[in-house]
Amino acid sequence: MEGLIGLVSTLHKSCTKLGDFGSDPLPSLWDSLPSIVAIGGQSSGKSSVLESIVGRDFLPRGSGIVTRRPLLLQLHNIDSGEEEYAEFLHLPKQRFTDYSENFSLLLLDLTIRAAMVRKEIQDETDKITSNSRQISSVPIQLSIHSPNVVNLAMIDLPGLTKVAVEGQPETIAQDIEKLVRSYVEKPNCIILAITPANQDIATSDAIRLAREVDPAAERTFGVLTKLDLMDKGTNALEVLEGKSFRLQRPWVGTVNRSQADINTNVDMLAARKREREFFATSPDYAHIASKMGSEYLAKLLSRDLENVIKARIPGIASLIKKGIDEAESEVDQLGRPVAVDAGAQLYTILELCRAFDQTFAEHLEGGRSGGDRIYEVFGTMLPKAVKKIPFERHLCLQNVKKVVSQADGYQPHLIAPEEGYRRLIEGALNCFKDPALASVETVHRILIELVRKAIVGTQELRRFPTLQYEIASAANAALMRFREESKKTTLRLVEMESSYITPDFFRKLSATNVVPYTEAYYLKISSNVASYVNMVSESLKNSIPKAVVYCQVRQAKQSLLNQFYLQLGKKEGKQLARLLDEDFELMERREKCLKRLELYRAARDDIDSVSWTE
Ligand code: GDP
Ligand code: MG
């Protein structure tokens with residue numbers, strides 16, 4: 001049995017260390033662990049019962065921390081003669097041997113620190129904690145090693161209240177009930193429902209809540225405190241014999257120290273002795289004395305807890321396995337820790353660049369979104385822009401007349417206005433420059449966007465913000481160079497078209513039977529130029545995309561990071577390491593994950609050893 005309880009301690013520790021407070025959406029390890037939870041109204045004697053089970057004074061009263069944060073108590077029985085001590089999970093290796101003075105101070109100190117600790121873990125893991133400063137669901141974990149205790153895991157919760165007192169938020173009663181409920185509604189929680197005997201059992205908040213969450217009373221222990229404070233001539237037999245309120249487990253009555261006893265430092269052993277005497281000599285309770293009192297309650301609880309844990313071992317084992325699987329796959333996803341030597345670092349960087357290139361190529365060529373927008377530029381945007389070119393204005397009768405006569409100078413042309421044609425064609429073809437440049441620019445912007453997408457979409461790169469930045473800068477710089485090349489090439493295409501006019505086209509035309517310098521004559525010139533420009537336009541609509549793809553898209557695919565690779569080759573160890581600076585949050589996450597894995601594995605080993613010996 002020792003092993004079982006030790007196991008529970010290990011698991012509880014693992015859970016708390018992991019920041020796993022049972023508020024995960026997944027069934028957590030915490031949820032599957034059995035524990036004993038003390039609930040009851042304020043001043044019902046909750047702390048007193050726990051203390052008497054532990055056999056030591058240590059819980060602060062009044063404005064104490066236990067009313068604000070759950071206190072997880074793990075009681076470990078040690079051989080008599082060994083020194084007893086207590087240990088907080090968050091202060092490992094600090095053993096406290098003086099239960100009164102240091103403890104109270106430490107717990108008070110925790111009140112202040114709790115706010116900071118809470119802030120860190122609250123956002124992610126803790127859905128239960130209200131914003132109020134008054135209570136927090138983050139537990140304090142305390143283990144007590146003593147020859148005077150039985151093996152038990154217990155949780156002391158804030159007392160249920162009805163009204164807020166000064167300094168507490170209006171919602172305090174609901175907040176506390178919500179917190180308490182979050183513990184007791186778990187089916188593996190053994191409820192210690194504490195009611196003072198001098199209060200009508202019908203008004204007990206503890207019983208009310210226990211009844212709600214455990215209607216069959218399968219896991220509720222009824223504890224009556226303050227039996228010594230009952231009015232003379234009355235007794236609690238009705239309740240203790242289960243006649244007033246039936247539970248599956250026996251009711252246990254206790255007599256703890258009164259406030260006066262505490263004030264006069266009546267020690268715990270004396271209090272227990274007095275409790276035993278109270279029952280043994282009481283005319284009302286002598287016949288059930290062996291089943292009354294704090295010591296009996298402690299034994300009962302210990303036995304129950306052990307049974308529950310035994311039944312749960314297979315479930316816990318499978319949860320741990322699930323935890324290990326999850327942590328392992330998360331570690332895989334987060335990637336291995338970065339190598340330390342320069343060669344391996346360079347290799348890693350090149351691998352990452354390749355991964356980026358691959359993602360970029362998928363965006364460009366299909367498989368991922370974005371590349372299709374380049375086709376839109378050629379298939380839709382460019383033809384539309386060409387269509388919008390105001391050729392009519394350029395080739396209107398008036399302009400044709402003006403250009404043709406200006407081209408002739410003082411000597412009218414003799415056969416055909418060749419220079420006039422040339423100028424009209426040149427002027428019209430110039431209009432293609434804008435759509436050509438717009439295509440270059442739009443494709444450039446699409447490629448920049450694809451680089452961004454590829455950076456974000458390359459899973460392996462996520463952990464390296466510096467490298468992300470450097471790759472993106474190098475890629476963008478390359479794209480800018482490609483853009484300049486593309487501009488030059490497309491403009492050259494347009495210029496080439498206007499530098500040489502296909503003579504065959506005009507040879508086939510006849511102008512001959514129109515009287516020169518008439519309106520019909522100029523209209524003919526205009527329509528000839530228009531049909532030539534149309535022909536050229538068809539060919540530019542094909543050749544501009546080719547130039548853009550050749551200079552920008554194809555280059556991006558083939559040599560986006562070439563410059564970067566060249567620079568990489570010149571870098572030294574330190575510079576390479578800087579490129580692999582990991583995202584701090586991610587490093588932290590990996591560390592946490594590895595830690596969790598380690599804890600889960602340790603827990604699994606513990607479980608294995610217990611399963612073998614049992
Ligand atoms: P909690 O608020 O539920 O934790 O209650 P405490 O354990 O702090 O007890 C409240 C007060 O009731 C304290 O002054 C205790 O000394 C007193 N008290 C608790 N149990 C008994 C008991 O069985 N008999 C007497 N006479 N006083 C008790
Ligand atoms: Mg208390």
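Contact of the T466 side chain with the L580 side chain is not registered, since no non-hydrogen atoms from C-beta on lie closer than 4.5 Å. Using a 4.5 Å cut-off on side-chain heavy atoms (C-beta onward), L334 and R463 make no contact. Using a 4.5 Å cut-off on side-chain heavy atoms (C-beta onward), P70 and L179 make contact. Taking the side chain as every heavy atom from C-beta outward, F378 and P383 never approach each other to under 4.5 Å. Side-chain contact between V533 and F391 is present, with heavy atoms from C-beta onward closer than 4.5 Å. Contact of the L350 side chain with the L346 side chain is registered, since non-hydrogen atoms from C-beta on lie closer than 4.5 Å. I374 places a side-chain heavy atom less than 4.5 Å from the side chain of L364. A heavy-atom distance below 4.5 Å is not found between the side chains of V403 and H394.
Of all heavy-atom pairs spanning I389 and E392, the tightest one is O-OE2, 4.1 Å. Scanning both residues, D581 and P465, for their nearest heavy atoms gives O-CD, 3.5 Å. Of all heavy-atom pairs spanning V184 and C189, the tightest one is CA-SG, 3.7 Å. Shown here for L493 and S543, the closest heavy-atom pair between the two residues is CD1-O, 3.5 Å. Between V451 and A472, the shortest heavy-atom contact is CG1-CA, 4.3 Å. The shortest non-hydrogen separation linking A385 to P435 is CB-CB, 3.9 Å.
Taking OG from S405 and NZ from K402, the interatomic distance works out to 9.5 Å, rounded to the nearest 0.5 Å. Separation of atoms CG (L479) and CG (L447) is listed at 5.5 Å; rounding is to 0.5 Å. In this structure, I324 CD1 and L319 CG are separated by 11.0 Å, a value rounded to the nearest 0.5 Å. Here S439 contributes atom OG and F432 contributes atom CZ; the two are 11.5 Å apart, rounded to the nearest 0.5 Å. Rounded to the nearest 0.5 Å, atoms CD (E582) and CZ (F464) are 4.5 Å apart. Rounding to the nearest 0.5 Å places CG of L429 at 7.0 Å from CD of E497.
Side chain of R590 to main chain of G335: a donor-acceptor pair is present (N/O by atom type, distance under 3.5 Å, no hydrogens or angles). Panel note: side chain H363, backbone S369; a donor-acceptor pair is recorded below 3.5 Å. Within the 3.5 Å criterion, the main-chain N or O of A355 finds a donor-acceptor partner in the side chain of T359. Side-chain atoms of S486 do not come within 3.5 Å of backbone N or O of V440 as any donor-acceptor pair. Under a 3.5 Å cut-off, the side chain of S531 and the backbone N or O of N528 do form a donor-acceptor pair. Under the 3.5 Å distance criterion, the side-chain polar atoms of E484 are left unmatched by any main-chain donor or acceptor of R481. When atom types are taken as modelled, the side chain of T458 and the backbone of L461 share no donor-acceptor pair closer than 3.5 angstrom. A donor-acceptor pair under 3.5 Å is absent between the side-chain atoms of S526 and the main chain of Y522, judged by distance alone.
The neighbour count for R492 CZ, taken as heavy atoms of other residues, nucleotides or ligands under 6.0 Å away, does not exceed 12. Surrounding OH of Y565 are more than 12 heavy atoms belonging to other residues, nucleotides or ligands, all under 6.0 Å away. Around atom OH of Y517, more than 12 heavy atoms belonging to other residues, nucleotides or ligands sit under 6.0 Å away. Heavy-atom contacts from other residues, nucleotides or ligands closer than 6.0 Å to NZ of K571 number more than 12. The number of heavy atoms from other shown groups lying within 6.0 Å of CZ (F505) is above 12. Other residues, nucleotides and ligands contribute more than 12 heavy atoms inside 6.0 Å of the CD atom of Q558. The neighbour count for K401 NZ, taken as heavy atoms of other residues, nucleotides or ligands under 6.0 Å away, does not exceed 12.
Checked for salt-bridge contact, K321 and D325 meet the test: a charged N lies under 4.0 Å from a carboxylate O. Under the 4.0 Å criterion applied to side-chain N and carboxylate O atoms, R422 and E418 are assigned as salt-bridge partners. Salt bridge absent: D357 and R354 never bring a charged side-chain N and a carboxylate O closer than 4.0 Å. Ion pair R181/E177 flagged as a salt bridge, since at least one NZ, NE, NH1 or NH2 atom sits closer than 4.0 Å to an Asp/Glu carboxylate oxygen. The pair E470-R578 counts as a salt bridge, with a side-chain nitrogen and a carboxylate oxygen less than 4.0 angstrom apart. Salt-bridge formation is detected for the pair E449/R452: a Lys NZ or Arg NE/NH1/NH2 atom is positioned less than 4.0 Å from an Asp or Glu carboxylate oxygen. Looking at K433 and E495, a side-chain N of the basic residue comes within less than 4.0 Å of a carboxylate O on the acidic one, giving a salt bridge.
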- Task: Quick one: do S559 and F482 satisfy side chain to side chain contact (heavy atoms under 4.5 Å, CB included)? Show the steps, please.
- Result: CA-CA 10 Å; S559 56; F482 303 155; 3.9 Å; yes
- Task: Go through the steps for E376 and R373 under the test salt bridge (charged side-chain N to carboxylate O under 4.0 Å, His left out), then give the verdict.
- Result: CA-CA 5 Å; E376 263 174 50; R373 285 180 50 213; 5.6 Å; no
- Task: Please test L576 against L568 for side chain to side chain contact (heavy atoms under 4.5 Å, CB included), starting from the C-alpha separation and ending with a verdict.
- Result: CA-CA 8 Å; L576 291 174; L568 266 188; 4.1 Å; yes
- Y532 and I501: side chain to side chain contact (heavy atoms under 4.5 Å, CB included), yes or no, with the steps? CA-CA 9 Å; Y532 182 75; I501 293 161; 3.8 Å; yes
- Would you check, one step at a time, whether the test salt bridge (charged side-chain N to carboxylate O under 4.0 Å, His left out) holds for R589 with E585? CA-CA 6 Å; R589 248 177 73 200; E585 265 176 35; over 6 Å; no
- Task: Would you please test Q567 and Q563 for side chain to side chain donor-acceptor pair (under 3.5 Å) and show each step?
- Result: CA-CA 6 Å; Q567 287 162 10; Q563 275 304 95; over 6 Å; no
- Message: Working note: Y521 + T518, criterion side chain to side chain contact (heavy atoms under 4.5 Å, CB included); need CA distance, chi angles, decisive distance, verdict.
- Response: CA-CA 5 Å; Y521 175 78; T518 59; 3.4 Å; yes
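When each of E591, E328, E330 is tested with R596 by the rule salt bridge (Lys or Arg N to Asp or Glu O under 4.0 Å), just one qualifies, namely E330. Just one of E441, Q552, Q555 meets the side chain to side chain donor-acceptor pair (under 3.5 Å) condition when paired with R483; it is E441.
For Y421 and H413, the distance between ring centers is not under 6.0 angstrom.
Using cut-offs of 30° and 60° on the angle between ring planes, the pair F360 and F356 is parallel.
Applying the side-chain hydrogen bond (donor to acceptor under 3.5 Å, both in side chains) rule to N399 yields no partners; only residues at least two apart in sequence or on another chain are considered.
At a cut-off of 3.5 Å, with distance as the only test, no side-chain donor of Y375 or T380 sits close to an acceptor on the other residue.
Judged by a 6.0 Å distance limit and a 45° cone about the ring axis, K186 is positioned over the six-membered ring of Y183.
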